[in-house]
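Here, residue 1 is the first one in the sequence, and each next residue gets the next number.
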Amino acid sequence: WQLEPNVGPVPSPVSMFVTGSVKFDSPHTTEDKWRKNLSWLDYSFLQAKKNNPKFIIVGSFDDVHERNAWIVADTANAKPGWQMRNIFGALDPNSYYKRVYDWVLKGKPAVIEGGLIRDGAYRLVSSDGRLLGVPDNRLADAKAVLKKSSETIDDYIWLYHLGSNEYKIIKLNAGLPLDANDSSVIINWDSESASQRWIVKKQNEKFIFINKANGLALDYSDSRIVLNPQNPALLSQRWSLAQIAVLPK
């Protein structure tokens, strides 16, 4: 009851499986490598809708003892990766249920309108054509880096607009958002922390991402993703987005 994080949803005209679960090293692994995120659920639904199979199977995570079914559930005391959180990173016993309900009965989930960027999956491209990535999707605290351009799911991020051009940036197949960590950027367990929120500005068809907690801009040095004081003249602080799939209006 999960999708391989390096593969994702498998196209089929007959049946497709969608889920919010991201799991590594099955069948036996440590609990920190089990996690879920609404972005993985939304991306899975988008791919299923695109292929229009006869059946869409909506799975939870594994079993209810892991507190990851898509029913209404209080997961406040569960492990970080097993907690149900909404797009803001807040604990929300209704978030998964509501998301599945909207996809199944309304055909799309609600979005917060008015942002510069539509909610969805993208590749985040630096000024020199490289992609933001993470060497190890399995681990919280893994540092973000720049890598050679490719078109694999391993290089996808997901953006959620939270209002006033403030966004969550989630490493899609890790199920973990980008988090400011001093002058570097890591993926970390989902939370409401300001360090996981990014204010987006547009400049000449490029985007600048400013961390809400420290006011520093997303930047790079060699292959390292870093945070530096805002400087609109720096090309390294200007990013492009290659769209993969976005939520419907």
Is it the case that one hydrophobic cluster holds both [X] and [Y], taking links as side-chain heavy atoms less than 4.5 Å apart, direct or via other members?
X      : Y      : answer
Ile170 : Trp198 : no
Leu132 : Tyr167 : yes
Ile153 : Val7   : no
Tyr122 : Val111 : no
Leu241 : Leu178 : yes

Between [X] and [Y], does any side-chain donor sit less than 3.5 Å from a side-chain acceptor?
X      : Y      : value
Asp128 : Ser126 : yes
Trp189 : Asp179 : no
Ser149 : Arg123 : no
Ser191 : Ser193 : no
Lys206 : Ser240 : yes
Lys50  : Asn52  : no

[atom2] on [Y] to [atom1] on [X], rounded to 0.5 Å:
X      : Y      : atom1 : atom2 : answer
Leu159 : Leu116 : CG    : CG    : 11.0 Å
Leu227 : Ile210 : CG    : CD1   : 11.0 Å
Thr75  : Arg85  : OG1   : CZ    : 7.5 Å
Arg99  : Met84  : CZ    : CE    : 14.0 Å
Gln47  : Met16  : CD    : CE    : 6.5 Å

Using only atom types and a distance under 3.5 Å, with no angle test, would you say the side chain of [X] pairs donor to acceptor with the backbone of [Y]?
X      : Y      : answer
Ser12  : Val14  : yes
Asn51  : Pro53  : no
Asn86  : Ala90  : yes
His161 : Asp119 : no
Arg238 : Pro232 : yes
Lys36  : Trp82  : yes
Gln237 : Asp219 : no
Asn173 : Pro5   : yes
Asp92  : Asn94  : yes

[X] atom [atom1], over 12 foreign heavy atoms within 6.0 Å:
X      : atom1 : result
Lys147 : NZ    : yes
Glu151 : CD    : no
Lys143 : NZ    : no

Before accepting this row, confirm whether a basic side-chain N of the pair Lys168/Asp190 lies closer than 4.0 Å to the acidic partner's carboxylate O. yes
Using 4.0 Å as the upper bound for N to carboxylate O, is an ion pair formed by Asp222 and Arg224? no
With ring pair (Phe, Tyr, Trp, His ring centres under 6.0 Å) as the test, would you mind laying out the steps for Trp158 and Tyr156 before giving the verdict? CA-CA 7 Å; Trp158 186 277; Tyr156 296 175; 10.0 Å; no
Please walk me through it: do Phe45 and Val104 pass side-chain contact (heavy atoms from CB on, under 4.5 Å)? CA-CA 9 Å; Phe45 261 115; Val104 172; 4.3 Å; yes
Flag side-chain contact, heavy atom, 4.5 Å: [X] against [Y]:
X      : Y      : result
Asn228 : Leu234 : no
Leu218 : Ile225 : yes
Lys171 : Pro177 : no
Leu216 : Ser183 : no

Residue pair [X] / [Y]: nearest heavy atoms and the distance that separates them:
X      : Y      : answer
Ser44  : Leu3   : OG-CD1, 3.5 Å
Asn137 : Ala174 : O-CB, 3.5 Å
Ile208 : Ala217 : CG2-CB, 4.4 Å
Gly175 : Arg35  : O-CG, 4.3 Å
Leu146 : Arg130 : CD1-NH2, 3.6 Å
Ser195 : Asn211 : O-ND2, 2.8 Å

Would you please classify the geometry between the Tyr220 ring and the Trp239 ring as parallel, tilted or perpendicular, with 30° and 60° separating the classes? perpendicular
Do the ring planes of Trp40 and Tyr43 sit parallel (below 30°), tilted (30 to 60°) or perpendicular (above 60°)? parallel
Quick one: do Asn188 and Asn181 satisfy side-chain contact (heavy atoms from CB on, under 4.5 Å)? Show the steps, please. CA-CA 10 Å; Asn188 206 352; Asn181 182 32; over 6 Å; no
Test side-chain contact (heavy atoms from CB on, under 4.5 Å) on Val18 and Trp103 and set out the steps. CA-CA 11 Å; Val18 305; Trp103 270 113; over 6 Å; no
Apply side-chain contact (heavy atoms from CB on, under 4.5 Å) to Arg118 and Gln243, showing your working. CA-CA 9 Å; Arg118 191 76 187 171; Gln243 181 177 303; 5.7 Å; no
